[in-house]
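Presented below is the structure to which this report refers.
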Amino acid sequence: MKHDIVIIGAGPAGLAAACQAYDSGVKDIVILEREPHLGGILNQCIHNGFGLKRFGQSLTGPEYAQRYIDMVLERGIKVYTETTVLSLTDNKVITAISPTEGLFYIEAKAVILAMGCRERSRGALNIPGTRPAGVYSAGTAQKYVNIFGRMPGKEVVILGSGDIGLIMARRMTVEGARVHAVAEIMPHSSGLKRNIVQCLDDFDIPLYLNHTITKIEGKDRVEGVVISQVDQNKKPILGTEKHFKCDTVLFSVGLIPENELTKKAGVTLDRATRGAVVDQTRETSISGVFACGNVLQVHDLVDYVSEESAIAGRFAAEYVLNGKRDKQTVKLSAGENVSYVLPQQIDKGLDGNVKLFFRVTKTLNNCTIRGLSGEKEVFAIKKRVVVPGEMETVILPKEKIELIDGGLTVTICD
Amino acid sequence: MFDVVVIGGGVVGACILRTLTRYDLKVCLVEKQADVSMGASRANSGVVHAGYDAMPGTLKAKFNVEGNRLMPVWAKELNVKYKNNGSLVVAFCDEDLETLHDLKARGEKNGVPGLEIISKERLFELEPNICKTAVGALYAPTGGIVCPYGLTVAAIGNAMDNGAGLLTNFEVASVDRTADGFTLISTNGQTVQARLVINAAGYNAGRVASAFGDDTVKIGGRKGEYILLDRESEGFVTRTLFCTPSKKGKGVLVLPTVDGNILLGPTATEVSDEDTTTTKDGLEEIITKAKTVCDNIPLYNAITSFSGIRAYSDRHDFIIEESAFIKGLINVAGIESPGLTSAPAIAEYVVNQLIARHFELKENKNYSPYREKDSFFMGLCDEDKNTLIKKNPQFGRIVCRCEQITEGEIVRAIHQNPPATTVDGVKRRLRAGMGRCQGGFCQPYITQILARELNKDLTEIEKSGLKSNLIVGDTK
C-alpha cells in the first residue's frame with residue numbers, strides 16, 4: 001500500500017504530529033501503533049499534572065491522551081493498532097506486522113518517527129549482586145500497578161530520582177507499599193522539583209543524594225539492598241553502607257530514545273541525545289523522514305512533546321505538498337556546561353523563529369546563556385538558575401539567525 | 001521403572017539424555033530447578049574450544065577435540081545457534097610468544113587441525129580492536145561459539161520428542177537400593193525408579209554420589225562473572241580472544257556471542273556454594289583485564305552482568321566412569337571447561353561404551369535427531385509468515401520488540417518440549433526479554449501469557465522458579 005504520511009507510534013508525539021499534518025493539508029495519513037490502544041505510555045501515567053501548558057489545566061495521562069485521540073479520530077486519520085514496524089528503509093518503505101493485517105509493506109512519501117523512549121535497565125549500571133525477581137524498571141512497575149492492578153512488591157527501595165521513579169514512590173505508597181528510600185547518584189535529582197515535593201516530601205520518603213545501590217541481595221526474590229555514598233567520581237565510599245530490607249528494587253535511571261529503526265534506516269544520530277540529528281523542521285538526515293517527541297530528545301513534559309510534534313507534522317505535510325527543499329544549513333553545537341542543543345542544524349532559508357532546546361550538565365546560579373558564532377555573540381540571556389533536570393529553551397528570532405555564520409555554539413557560564 | 005535416569009538438566013545431562021533416546025530405552029531426566037539449564041550451562045562463555053589447552057592424554061583433551069568435531073552436527077540437527085568463528089590466543093610479550101609455540105605443539109598432539117602462529121600485522125587485520133601492544137597470536141580456525149542454554153534446552157526437548165521423560169523441581173534427597181536398581185526420592189517427596197543412574201549433577205555431583213553411598217567424588221566450585229554488551233556492539237570482535245596464560249594468571253576473554261552481543265569475562269573465584277552473586281571487585285576485574293586485550297571497548301553498551309559456578313573435580317580432569325563402589329551409578333562429574341565443547345562427545349562415550357555394558361542397545365526406530373528452532377518466525381519468508389498469521393493471529397503480535405518475538409512463539413515455547421514455565425524459561429528459549437530493554441516492556445505481557453496458558457494467577461508466575469514470584473498481590 002501507499003500513503004502520503006506514515007507515523008510510527010501513537011503516543012503523544014505521533015498523535016500530535018498526525019493532527020497537525022492533517023490540518024496542514026495532507027489527508028492521507030496513517031498511524032502505526034504496536035499496543036492495542038492509542039496514547040502510548042500516557043495510558044499508565046494516571047497521575048495528574050499533564051497539560052498545564054498545552055491546555056491550561058491539570059489532566060491525568062489518559063485524559064491528556066484522550067484529547068489527542070479524539071482529535072485524531074475526528075479527522076478520520078487511519079490508525080492501525082497492535083501493529084509493529086519491523087523495518088524502515090532509506091527510501092521510506094515500511095515493513096509492519098499485525099495479527100489482523102499480517103505482514104505488509106507501506107510506501108510513504110513522508111515518515112514521522114514517534115517511537116518514544118525506553119528505560120535504562122539495571123544492567124547498564126553494572127550493579128553487583130544477585131538477579132532475583134523483584135527488580136523492575138519504574139515504568140514496568142507502573143504498568144503492573146496501573147494497568148494490571150497488581151502489586152509487584154510491598155517493601156521498596158528506588159534507585160534514581162527520575163520523574164517516573166518519584167511518581168512510583170508515591171504510587172506504591174498510596175497502594176500500601178512502604179518505600180524505604182530513593183537513592184540518587186548525582187548531587188541533584190534529575191526529576192522535576194514539583195515531583196520531589198509532591199511525591200517524596202509529602203510522604204516522608206527519604207531521598208539520599210550522592211548515593212547508589214552497591215549490592216542487591218536475595219536468591220529467588222529480592223531480600224535487601226545496600227546503598228552507599230559516592231565520592232566526586234561516583235565511586236562508592238567504603239564505610240558509608242546502609243542496609244535496607246526490602247522485596248523490591250525499582251530503577252529510574254534514565255530514558256533512552258528508541259532509535260533502532262532509525263539507525264537501521266541509516267538516519268544520522270546524535271551521540272548526546274541518542275536521537276536523530278534534525279533541523280528546526282525536525283527533518284532527519286534522510287529527506288522526508290521526520291522525528292519528534294521522546295524518540296528525538298527526552299522531554300520533561302508531555303506538553304513539550306506535543307509542541308515539538310506539531311512542528312514535525314507541519315513540515316512533513318509541507319514536504320508531501322511541496323517536495324524537497326533546498327537547504328542552507330548551519331550547525332549548532334553544545335559548548336561549556338551544555339550537554340546538547342536541539343535542533344542540531346538550522347536551515348537559514350526558512351522564515352520564522354527557532355526555539356532551541358538544550359540541557360545543562362550542572363546546576364548554575366546567576367548565569368548567562370550565550371550563543372556564539374565564531375567570536376561573534378549572537379545572543380546572551382541571563383538566568384537566575386539552571387538545573388540538569390529541567391530542559392532549557394531559548395527562542396532565536398529570524399534576525400538573530402541571520403547573524404549566524406558557519407555555526408552556533410551554545411554555552412552557559414557563571 | 002526407567003532403564004536409565006539422568007540426574008541434572010545441564011548440558012552434559014542433556015546430551016546424554018538425547019543420545020540415550022537413539023536406543024530403545026525408557027529414560028528420564030530429573031532436575032532440581034523449575035527449568036533445565038539453570039546451573040553452569042546457563043552462564044558460561046559459550047566457547048567451542050579447539051582443543052590445544054588440555055594436556056595430551058587427559059579425558060579433557062580427548063573429548064574436547066571430538067566434541068569440537070561433533071558440535072556443528074549437533075547444532076545443525078537441533079537448530080541451535082553455532083558459529084565457527086575461530087579463536088585467537090593473543091600474545092603481548094616475547095615470553096607469551098614462547099608459550100604460544102608450546103600451546104601449538106600441545107594442540108597438534110591432541111589432534112587439533114589448522115593451528116597457526118600469526119604475526120601482529122595479520123592479527124590487527126583480523127581483529128582491529130586488539131590492543132596495539134599485541135605481538136602475535138595463536139590462531140585456531142576450528143574454534144567456535146555456541147548458545148550453551150540453547151543447546152541444553154534443544155537436546156532435552158529433542159530427547160523428550162523422542163520419548164524421554166523430564167521431572168523438574170526434583171532434587172535428589174536420598175536413594176534406596178532396590179533388587180534391580182534404585183529408587184530416587186526427592187526433597188518434595190516424589191520418587192523415581194531406575195535400573196541405572198547417571199549422575200550429571202554438576203556442582204552437586206559429589207553430594208548426589210554420596211547419596212548413593214559413593215563418597216569419592218569431590219567437587220569444588222569456581223565462580224565466573226561476566227559483563228554482556230548490547231548487540232549494538234556487534235562486530236567489535238568477531239573471533240574469540242584469549243590472553244596467553246602466564247605467571248600473571250589467566251586474563252579474561254573478549255568474544256562475540258552467537259546472538260551478536262559482546263561478552264567479557266570470566267573471573268575465577270573459589271566458592272563454597274552455588275551463590276551467583278556478582279561482585280563489585282569481579283566486575284571491575286573484568287573491565288580492567290578486558291582493557292588489556294582490546295582498546296575502546298564500548299562499555300557504555302553494557303546491558304547486564306551475570307555469573308555462573310563452574311564445577312571441577314579434585315582430579316582436575318573429567319570423571320566419566322561407573323562408580324567403583326556402586327554398580328549401576330555412572331558418575332559424569334567435574335566437567336569443567338572445556339565441558340560444553342566436550343558434552344556431545346562425552347554423551348556418545350557414556351552411552352555407547354558405559355551404558356552398553358548394561359543394556360543391549362537396540363535402535364529406536366522412531367528416533368528423529370531434528371528439532372525446530374524456538375524462535376523461528378522471523379526466519380520465515382513473507383508468504384509463510386502470512387499463512388501462519390492467518391492460521392494463528394498470535395504470530396502477528398510482537399511481544400518482545402527488541403528481539404522481535406511473537407506471542408505465537410511464546411505460546412508454543414510454553415507448550416512444547418521442554419515446556420517453558422517461567423519468565424526466564426521463555427527468555428532462554430526465545431531471547432524475549434534479553435534485548436536492550438531487558439524485559440522492561442515485554443515482561444508484564446510474558447507474565448500474563450504464562451498465567452493464561454498455564455491457567456494460573458499472575459501471583460503464581462515466577463521469574464525462575466520456587467519463590468521468585470513477580471507479583472505479590474492486588475492493588476487496593
Side-chain angles (χ1 to χ4, degrees), chain A residues 34 36 82-84 86 95 97-105 118-137 139-140 143-154 174-177 214-221 236 247-248 251 256 258 260 263, chain B residues 225 227-228 230 232 275-283 287 299-306 378 382 385-390 393-398 401-402 404 406-407 423 436-441 443-444 447-448 458-459 462-476:
Chain A
R34 56 186 147 206
E82 285 198 290
T83 301
T84 302
L86 300 177
T95 313
I97 191 167
S98 92
T100 49
E101 307 294 319
L103 186 92
F104 62 104
Y105 295 89
R118 66 168 181 268
E119 296 178 276
R120 257 174 104 204
S121 70
R122 169 198 177 180
L125 308 176
N126 268 334
I127 290 175
T130 50
R131 294 194 297 158
V135 179
Y136 304 94
S137 62
T140 308
K143 178 141 204 160
Y144 277 124
V145 175
N146 292 346
I147 304 291
F148 289 12
R150 310 303 291 261
M151 288 295 277
K154 293 280 186 192
V174 168
E175 289 296 343
T214 43
K215 193 176 184 196
I216 295 176
E217 301 166 345
K219 191 168 168 285
D220 301 309
R221 175 88 200 187
D247 63 11
T248 306
F251 280 81
I256 303 171
E258 279 243 291
E260 278 62 45
K263 202 180 305 169
Chain B
E225 301 184 34
I227 296 174
L228 188 75
D230 186 47
E232 200 175 291
D275 179 11
T276 53
T277 305
T278 52
T279 61
K280 179 174 157 282
D281 291 347
L283 299 178
I287 292 170
L299 288 166
Y300 53 85
N301 266 334
I303 48 172
T304 190
S305 49
F306 59 87
M378 285 302 159
D382 290 3
K385 279 190 187 121
N386 276 325
T387 311
L388 197 52
I389 295 169
K390 235 176 227 137
Q394 287 178 339
F395 283 101
R397 194 174 287 123
I398 305 282
R401 58 172 80 164
C402 303
Q404 301 193 335
T406 64
E407 182 179 12
V423 171
R436 51 188 65 91
C437 90
Q438 290 284 295
F441 286 114
Q443 192 209 67
T447 311
Q448 216 172 28
L458 226 49
T459 52
E462 296 151 347
K463 178 177 180 281
S464 57
L466 295 176
K467 282 162 271 166
S468 64
N469 56 308
L470 291 155
I471 297 297
V472 300
D474 291 337
T475 51
K476 279 182 180 169

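Just so it is clear, the model here is predicted, and its values are computed rather than measured. The analysis underlying the following values was restricted to heavy atoms, covering all of them including side chains, and did not include hydrogens, waters or symmetry mates. In what follows, chains are A, B, ... by sequence order, proteins preceding strands, each numbered from 1.
Of the listed residues B:G440, B:G465, B:S464, the one with more heavy-atom pairs under 4.5 angstrom with chain A than any other is B:G440. No other option in A:E119, A:K263, A:R120, A:E101 has as many heavy-atom pairs under 4.5 Å with chain B as A:K263. The greatest number of non-hydrogen atom pairs below 4.5 Å with chain A, out of B:E407, B:K280, B:K385, is found for B:K280. Of the listed residues B:C437, B:C402, B:G473, the one with more heavy-atom pairs under 4.5 angstrom with chain A than any other is B:G473. Interface remark: of the candidates B:P393, B:S468, B:P444, B:P444 forms the most heavy-atom pairs closer than 4.5 Å to chain A.
Contacts between A:P152 and chain B at a heavy-atom distance below 4.5 Å involve backbone atoms as well as side-chain atoms. Contacts between A:Y136 and chain B at a heavy-atom distance below 4.5 Å involve the side chain alone, from C-beta outward. For B:Y300, the part lying near chain A is the side chain, with the backbone staying farther off; criterion is any non-hydrogen pair under 4.5 Å. Interface remark: A:E217 contributes no atoms to any contact with chain B (heavy atom separation under 4.5 Å). Only the side chain of A:S121 comes within contact range of chain B, with at least one heavy atom under 4.5 Å from a heavy atom of that chain. Within the 4.5 angstrom heavy-atom criterion, atoms from both the backbone and the side chain of B:K467 approach chain A. If you measure heavy-atom distances from A:R150 to chain B, the contacts under 4.5 Å come from both the backbone and the side chain. Interface remark: B:Q443 contributes backbone and side-chain atoms alike to the contact with chain A (heavy atom separation under 4.5 Å). Heavy atoms closer than 4.5 Å to chain B are found nowhere in A:I147, neither backbone nor side chain. Neither the backbone nor the side chain of A:K219 has a heavy atom closer than 4.5 Å to any heavy atom of chain B. The contact between B:T447 and chain A is made entirely by side chain atoms (from C-beta outward), counting heavy-atom distances below 4.5 Å. Proximity to chain A is limited to the side chain of B:E232, based on heavy atoms less than 4.5 angstrom apart.
With hydrogens and angles disregarded, a donor-acceptor distance shorter than 3.5 Å links the side chain of B:K463 to the backbone of A:R131. For the pair B:R397 (side chain) and A:E82 (backbone), a donor-acceptor distance under 3.5 Å is absent. Side-chain atoms of B:T278 come within 3.5 Å of backbone atoms of A:G129 as a donor-acceptor pair (strictly under, hydrogens ignored). Side-chain atoms of B:K476 come within 3.5 Å of backbone N or O of A:V174 as a donor-acceptor pair.
In A:K215, the NZ atom is not crowded: 12 or fewer heavy atoms of neighbouring residues, nucleotides or ligands sit closer than 6.0 Å.
Once rounded to the nearest 0.5 Å, the distance linking CD1 of A:I127 with CG of B:L283 reads 10.5 Å. A distance of 10.0 Å separates CZ of A:R118 from CD of B:Q438, quoted to the nearest 0.5 Å. With values rounded to the nearest 0.5 angstrom, A:L86 atom CG is found 4.5 Å from B:M378 atom CE. Summarising the geometry, atom OH belonging to A:Y144 is positioned 9.0 Å from atom CD belonging to B:Q448; distances are rounded to the nearest 0.5 Å.
Nearest approach of A:L103 to B:N386, heavy atoms of both residues: N-OD1, 2.6 Å. Nearest heavy atom pair, residue A:K154 against residue B:V472, reads CG-CG2, 3.9 Å. Smallest separation of non-hydrogen atoms from A:M151 and B:D474: CG-O, 3.3 Å. B:I389 approaches A:P99 most closely through the heavy-atom pair CG2-O, 3.5 Å. Contact detail for A:R221 and B:L470: the closest heavy-atom pair is NH1-O, 3.3 Å.
Considering only heavy atoms from C-beta on, B:I471 stays 4.5 Å or farther from A:F148 through its side chain. Side-chain contact between B:Q404 and A:T84: absent, with no pair of heavy atoms (C-beta onward) separated by less than 4.5 Å. A heavy-atom distance below 4.5 Å is found between the side chains of A:T130 and B:D275.
Under a 4.0 Å N-O distance rule, the pair A:E260/B:R401 does not qualify as a salt bridge.
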